[in-house]
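Have a look at the structure below, then the notes.
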Amino acid sequence: VDIILLGPPGAGKGTQAGRLVADRGMVQLSTGDMLRAAVKAGTEVGLKAKAVMDAGELVSDEIVSAIIGERLDQLGKDVGLIFDGYPRTAAQAEALDALLAARGRKLDYVIELAVDEDALVDRIVGRYTCAVCGEGYHERYKPPKVEGTCDVCGNHEFKRRPDDNAETVRTRMAEYRAKTAPILPIYDARGLVRRVDGMADIGHVTQAIEAILDGK
Ligand code: AP5
Ligand code: ZN
């Protein structure tokens, strides 16, 4: 099963993708993660993307669709895909159709994480990750079990994303409303959209998504 997780910044796309990877062996394709890796590695793409990402704006369609295409070529046909943060524009949605068709695949569902935008700033500004293994945490919604210690790897160093400040989050939300939300009706017309309440507890959101994947 190949799915898109669609929702504004902080809706829980990365959180839910991580759980589906762990529970079902699906593969997460997060263009945000891929771009951050490129920035860290100092590649040509990373150099171009850094300032755009720090401003909360969208990186060009050509760049992100190219990195998705490269990643798809490394994956086997049997594995289920979770697109997280891609596509984000109508042009990317079209590019994805072509990339999948060329590899004999097609989308099964577009899962919309429906959320209250006012709550999202708080989710994003409180978020941080383990500097070693990348496990995600939140000051209030998901603190480590032992304060200051990663649940997964036991490390004590954490980091925050440079674009997770209140001002940049507002730009990211505006980009979502202007460029990404308009692709939902396109997928809806194809009967692919399933709406999930993204304001529920993390575990309940996962259950709702898994019920869709199981065809319930
Ligand atoms: P990207 O990395 O995709 O960021 P984003 O879309 O802004 O999404 P986030 O990662 O902020 O949120 P999320 O929905 O994954 O939420 P999370 O699960 O972490 O993109 C970053 C930048 O890269 C873009 O601005 C752009 O510049 C560029 N870019 C990336 N892709 C691109 C593309 N395709 N085209 C062009 N440019 C692109 O959850 C947030 C927090 O809330 C966490 O702390 C979590 O623990 C908590 N939480 C999650 N679910 C719940 C819940 N149900 N209840 C309570 N807390 C919860
Ligand atoms: Zn860790």
Side-chain angles (χ1 to χ4, degrees), residues 4-19 28-39 45-46 48-68 82-93 95-96 111-116 119-144 148-164 168-176 179-180 183 196-209:
I4 295 172
L5 292 180
L6 200 78
K13 304 179 296 292
T15 300
Q16 296 303 327
R19 295 174 68 113
Q28 173 185 12
L29 293 99
S30 159
T31 41
D33 286 350
M34 293 173 202
L35 291 167
R36 280 184 288 278
V39 169
V45 163
K48 274 192 204 158
K50 180 163 190 346
V52 179
M53 294 175 76
D54 286 351
E57 288 160 10
L58 294 185
V59 173
S60 81
D61 292 335
E62 292 71 26
I63 289 182
V64 291
S65 293
I67 60 176
I68 285 284
I82 309 160
F83 293 96
D84 159 12
Y86 179 90
R88 251 179 161 92
T89 63
Q92 291 180 24
L96 177 59
I111 297 181
E112 178 192 0
L113 295 172
V115 284
D116 164 9
L120 300 185
V121 175
D122 177 59
R123 279 197 193 174
I124 292 176
V125 173
R127 155 174 86 172
Y128 58 97
T129 54
C130 171
V132 173
C133 74
E135 179 71 2
Y137 294 97
H138 190 282
E139 285 161 9
R140 270 189 290 156
Y141 309 123
K142 195 195 160 194
T149 306
C150 176
D151 295 344
V152 176
C153 74
N155 160 67
H156 302 290
E157 268 177 71
F158 299 90
K159 60 180 184 184
R160 286 175 191 265
R161 274 168 48 178
D163 60 343
D164 278 354
T168 309
V169 170
R170 271 189 279 277
T171 307
R172 287 159 58 195
M173 295 289 179
E175 289 280 77
Y176 178 81
K179 296 170 185 165
T180 309
I183 69 181
V196 164
D197 175 15
M199 296 311 292
D201 289 352
I202 292 173
H204 284 115
V205 179
T206 310
Q207 278 174 16
I209 296 172

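Here the structure is a predicted model, which means the values were calculated and not measured. Numbering of ligands and ligand atoms starts at 1, following listing order. The figures that follow rest on heavy atoms only: side chains count, while hydrogens, waters and symmetry mates do not.
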Which residue and non-hydrogen atom of the protein lie closest to atom 41 (C) of ligand 1, and at what distance in Å? Arg123 O, 3.6 Å
Looking only at non-hydrogen atoms, the one of Thr31, Leu96, Asp61 nearest atom 31 (N) of ligand 1 is Thr31
Lys/Arg-Asp/Glu bridge criterion (N-O < 4.0 Å) met for Asp164, Arg172: yes
Heavy atoms only: which of Met173, His204, Gln92 lies closest to atom 34 (N) of ligand 1? Gln92
Could you list which atoms of ligand 1 come closer than 4.0 Å to a heavy atom of Gly198? 53 (N)
Closest non-hydrogen protein atom to atom 10 (O) of ligand 1, residue and atom name please, with distance? Arg161 NH1, 3.0 Å
For Arg36, counting its heavy atoms only, list the atoms of ligand 1 lying under 4.0 Å from any of them. 2 (O), 21 (C)
Below the 3.5 angstrom mark, is there an N/O of Lys142, backbone or side chain, next to an N/O of ligand 1? no
Need the ligand 1 atom indices (1-based, order shown) with element for anything under 4.0 Å from a heavy-atom of Glu57. 25 (O), 26 (C), 27 (O)
Just to check, does Tyr128 reach to within less than 4.0 Å of ligand 1 when the distance is taken from its heavy atoms? no
Starting from atom 37 (N) of ligand 1, find the nearest protein heavy-atom neighbour and note its residue, name and distance. Val59 N, 3.0 Å
Examine ligand 1 and decide if any of its atoms is less than 4.0 Å from a heavy atom belonging to Met34. no
Of the side chain and backbone of Ser60, name the one, both, or neither that has a heavy atom under 4.0 Å from an atom of ligand 1. neither
Does Ala11 have a heavy atom less than 4.0 Å from any atom of ligand 1? yes
Closest protein heavy atom to atom 12 (O) of ligand 1, given as residue, atom name and distance to 0.1 Å: Gly10 N, 2.9 Å
Test item: Arg160 side-chain N/O and Val125 main-chain N/O as donor-acceptor pair under 3.5 Å: yes
Which atoms of ligand 1 sit under 4.0 Å from any heavy atom of Ile202? 50 (N), 51 (C), 52 (C), 53 (N), 54 (N), 57 (C)
Candidate pair Tyr137 and Asp151, rule side-chain contact (heavy atoms from CB on, under 4.5 Å), full reasoning: CA-CA 10 Å; Tyr137 294 97; Asp151 295 344; 3.6 Å; yes
Anything protein N/O/S under 2.8 Å from the Zn ion (ligand 2)? Just list residue and atom, please. Cys130 SG, Cys133 SG, Cys150 SG, Cys153 SG
Thr31 (side chain) donor-acceptor with Gly85 (main chain) under 3.5 angstrom: yes
Counting from 1 in the order shown, the ligand 1 atoms closer than 4.0 Å to a non-hydrogen atom of Lys13 are 5 (P), 6 (O), 8 (O), 12 (O), 13 (P), 14 (O), 15 (O), 16 (O), 18 (O)
Can you report which non-hydrogen protein atom sits closest to atom 5 (P) of ligand 1, along with the distance? Arg88 NH2, 3.4 Å
Atom 46 (O) of ligand 1 has as its nearest protein heavy atom His138 CB, 3.9 Å
Heavy-atom pairs closer than 4.0 Å: do any link ligand 1 to the side chain of Arg172, the backbone, both, or neither? side chain
closest protein heavy atom to atom 17 (P) of ligand 1 is Thr15 OG1, 3.5 Å
Identify, by atom number and element, the atoms of ligand 1 in contact range of Met53, meaning under 4.0 Å from any of its heavy atoms. 22 (C), 23 (O), 27 (O), 28 (C)
Between Lys179 and Glu57, does any NZ, NE, NH1 or NH2 come within less than 4.0 Å of an OD or OE carboxylate oxygen? no
Please examine the side chains of Tyr86 and Leu96, heavy atoms only from C-beta on, and report whether any two atoms are closer than 4.5 Å. yes
Protein heavy atom at shortest distance from atom 28 (C) of ligand 1: Leu35 CD1, 3.7 Å
Record the part of Glu175 in heavy-atom contact with ligand 1 below 4.0 Å; permitted values are side chain, backbone, both and neither. neither
Below a 4.0 angstrom heavy-atom separation, can you tell me which part of Val64, side chain or backbone, both or neither, approaches ligand 1? side chain
Classify the contact between Tyr176 and ligand 1 as side chain, backbone, both or neither, using a heavy-atom distance cut-off of under 4.0 Å. neither
Any nitrogen or oxygen of Pro9 lying under 3.5 Å from a nitrogen or oxygen in ligand 1? Just yes or no. no
Enumerate the atoms of ligand 1 whose separation from the nearest heavy atom of Gly14 is less than 4.0 angstrom. 13 (P), 15 (O), 18 (O)
